[in-house]
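Report on the following structure.
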Amino acid sequence: MSYIVADEKVFYHFYDLDHAPPTFNAVVQIVSAEIARAETTDCDHTHTIFVPGLNDGFNWTNEYGVDIKRWRLMSILLPALSLYKTNTSHTLLRTRENASELVDAAGTYKFPVDYSVDVSSDCAQINTPTLNSYLGYGPKSIAAPKRAIELTKQLVNRVCPGQKFITITARGSAHLLQRNSSPETLINIAKYMQQQGYFVFFVPDYDLALQVSDNFIPGAYVAREISLSLPFRSALYELASLNIGDGGTAALSYFNSKCNYIINNLNWPHKSRDIPKSLRQQGMALGKGVNYHNTFARWVWPFDDAQATIDACEEFVAYSQGRSVDVNKYKMSFDEVLLCLSESLGADAVSVIKSKYSNRQNGPLFINRQFKWEDKRNMSYVIKSADSSNNDFSVF
């Protein structure tokens, strides 16, 4: 017998580990689920169900062993639920077979929209919250847990009492070395901001937090305790004057209405030819970005170009001094977002979106990715309307 009873007050978010990885990208899917709950139902809280994948409970890269994947589930995915107070409970299923009955019991109060255990999908890419923000649906700001804020303030007061500070977050992947941050680039950026009077908290990559030297960036504090705790990390970002970073952890900044941020290092040398296409499929373009909460936002695209990031830092310094700076200088227009999305969705689908869904018409839309990890070349994008009676969209 199912232990889910359809309840108009409960919204069910199925996080399928056969498709969605145990990484910081989970934040994007959690934000997407919150859009669905808040904009399409009267439910007042969300119950998250983690569905095990087909490969030892996961189906993500084999570069990490199952123990590391389980550790990431417990130390990244579960704490990420605390970013919204409406995420009040969760279930870790032991077997995938249990999920189908729970999906049926959840009825229409579930996310991803029309989720099926047989065809796993995720909304872990930026396109779903980006599209909905331009359609007029959020996303509502995430927030660090209150206790994390209190404890992180104690750390800040001990390390740099009374000083304004920024964070610099490094990518240090253990399985994709070519995507990692250049130490020289990080040091040059930190040096510039130190010269402007800011103390620097250096947040090393999650997997390499205990391997970084205390003197990696001269004069900076290596925040290992922040790196290993998602609540502490989100709290430090929320308290900082500016966050500079890349990768999945950047979502903790750009979805938080209290964060100013510069996103850099998004071009990967080994995939340089694929980057423009990949970004367009997510509704973004080189040289452009999004700004969900009208804070200072810059998306710096050149790979490991310290000067490009320093130029953005100069704009932030002017902004912090009260000088006239356009925080939305590089924000994409709705037409630019749709043009990029046509790369993955097709021109016909984009035409329907613009004519029938703009200006909060007909509810939000959700873009699911569907593919098998072993054959990502056959990725498909599925557009779902929150209104199940709407037949404008199915699979494109």
Side-chain angles (χ1 to χ4, degrees), residues 19-20 25 28-29 31-41 108 110-116 119-140 251 254-255 266 273-294 297 299 301 328-371 376-396:
H19 191 104
N25 284 339
V28 185
Q29 182 159 330
V31 168
S32 298
E34 176 62 14
I35 293 174
R37 182 205 65 80
E39 299 290 353
T40 69
T41 76
T108 59
K110 63 176 178 289
F111 185 83
V113 177
D114 288 349
Y115 169 72
S116 167
V119 183
S120 60
S121 64
D122 75 355
C123 291
Q125 294 300 297
I126 199 69
N127 48 25
T128 288
T130 296
L131 174 60
N132 281 302
S133 70
Y134 283 86
L135 295 178
Y137 301 100
K140 186 177 72 175
Y254 55 70
F255 285 129
L266 292 184
R273 294 181 180 178
D274 298 333
I275 284 296
K277 179 179 179 180
S278 174
L279 287 171
R280 288 195 299 272
Q281 289 175 340
Q282 298 179 46
M284 301 184 70
L286 288 173
K288 293 282 188 174
V290 294
N291 190 353
Y292 296 112
H293 298 293
N294 205 39
W299 297 69
W301 300 111
N328 292 314
K329 182 177 179 180
Y330 301 108
K331 182 178 180 179
M332 299 181 70
S333 68
F334 185 34
D335 284 341
E336 287 174 324
V337 171
L338 291 180
L339 179 62
C340 290
L341 284 176
S342 66
E343 181 91 23
S344 55
L345 307 181
D348 290 344
V350 165
S351 177
V352 173
I353 291 173
K354 187 172 183 179
S355 63
K356 295 190 177 183
Y357 290 87
S358 58
N359 298 318
R360 294 183 65 85
Q361 298 181 78
N362 300 315
L365 293 173
F366 301 95
I367 306 172
N368 297 346
R369 298 185 307 163
Q370 295 181 345
F371 64 88
K376 291 180 68 174
R377 291 173 300 177
N378 291 324
M379 180 187 300
S380 62
Y381 290 80
V382 183
I383 310 176
K384 295 292 184 180
S385 169
D387 182 357
S388 59
S389 65
N390 190 329
N391 296 318
D392 286 334
F393 290 103
S394 54
V395 179
F396 292 84

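In what follows, residues are counted from 1 in the order of the sequence shown.
Rounded to the nearest 0.5 angstrom, Ser342 OG and Lys354 NZ are separated by 11.5 Å. The CD atom of Glu336 lies 12.0 Å from the CG atom of Leu341; values are rounded to the nearest 0.5 Å. Within the model, atoms SG of Cys340 and NZ of Lys288 stand 10.0 Å from one another, a figure rounded to the nearest 0.5 Å. Expressed to the nearest 0.5 Å, how far NZ of Lys331 lies from CH2 of Trp299 amounts to 12.0 Å.
Looking at Asn132, its side chain never comes within 3.5 Å of a backbone N or O of Tyr137 through a donor-acceptor pair. Ser385 places no side-chain N or O within 3.5 Å of a backbone atom of Leu365 that could act as its donor or acceptor partner.
Counting only heavy atoms from C-beta outward, the side chains of Pro129 and Val28 approach each other to under 4.5 Å. In this structure the side chain of Gln361 never reaches within 4.5 angstrom of the side chain of Ser355, judged on heavy atoms. Side-chain contact between Lys140 and Ile35: absent, with no pair of heavy atoms (C-beta onward) separated by less than 4.5 Å.
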Show your reasoning for whether side-chain contact (heavy atoms from CB on, under 4.5 Å) applies to Thr40 and Phe111.
-> CA-CA 11 Å; Thr40 69; Phe111 185 83; over 6 Å; no

Please assess Leu338 against Leu131 for the test side-chain contact (heavy atoms from CB on, under 4.5 Å), listing each intermediate value before the final yes or no.
-> CA-CA 8 Å; Leu338 291 180; Leu131 174 60; 4.3 Å; yes

Could you go step by step and tell me if Ser358 and Tyr134 meet the side chain to side chain donor-acceptor pair (under 3.5 Å) rule?
-> CA-CA 8 Å; Ser358 58; Tyr134 283 86; over 6 Å; no

Please report the C-alpha distance between Val290 and Tyr254 in whole Å, then the side-chain angles of each, then the deciding distance to 0.1 Å, and finally whether the side-chain contact (heavy atoms from CB on, under 4.5 Å) criterion is met.
-> CA-CA 8 Å; Val290 294; Tyr254 55 70; 5.6 Å; no

Between Leu135 and Ile353, is a side-chain contact (heavy atoms from CB on, under 4.5 Å) present by the stated rule, with each step listed?
-> CA-CA 9 Å; Leu135 295 178; Ile353 291 173; 4.1 Å; yes

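For the pair Lys110 and Phe366, the NZ or CZ position fails the cation-pi test of under 6.0 Å to the six-membered ring centre and within 45 degrees of the ring normal.
Nearest heavy atoms, Glu39 versus Gly138: OE2-N, 4.4 Å. Summarising the geometry of Tyr292 relative to Pro139, their closest heavy-atom pair is CD2-CD, 3.5 Å, with the distance given to 0.1 Å.
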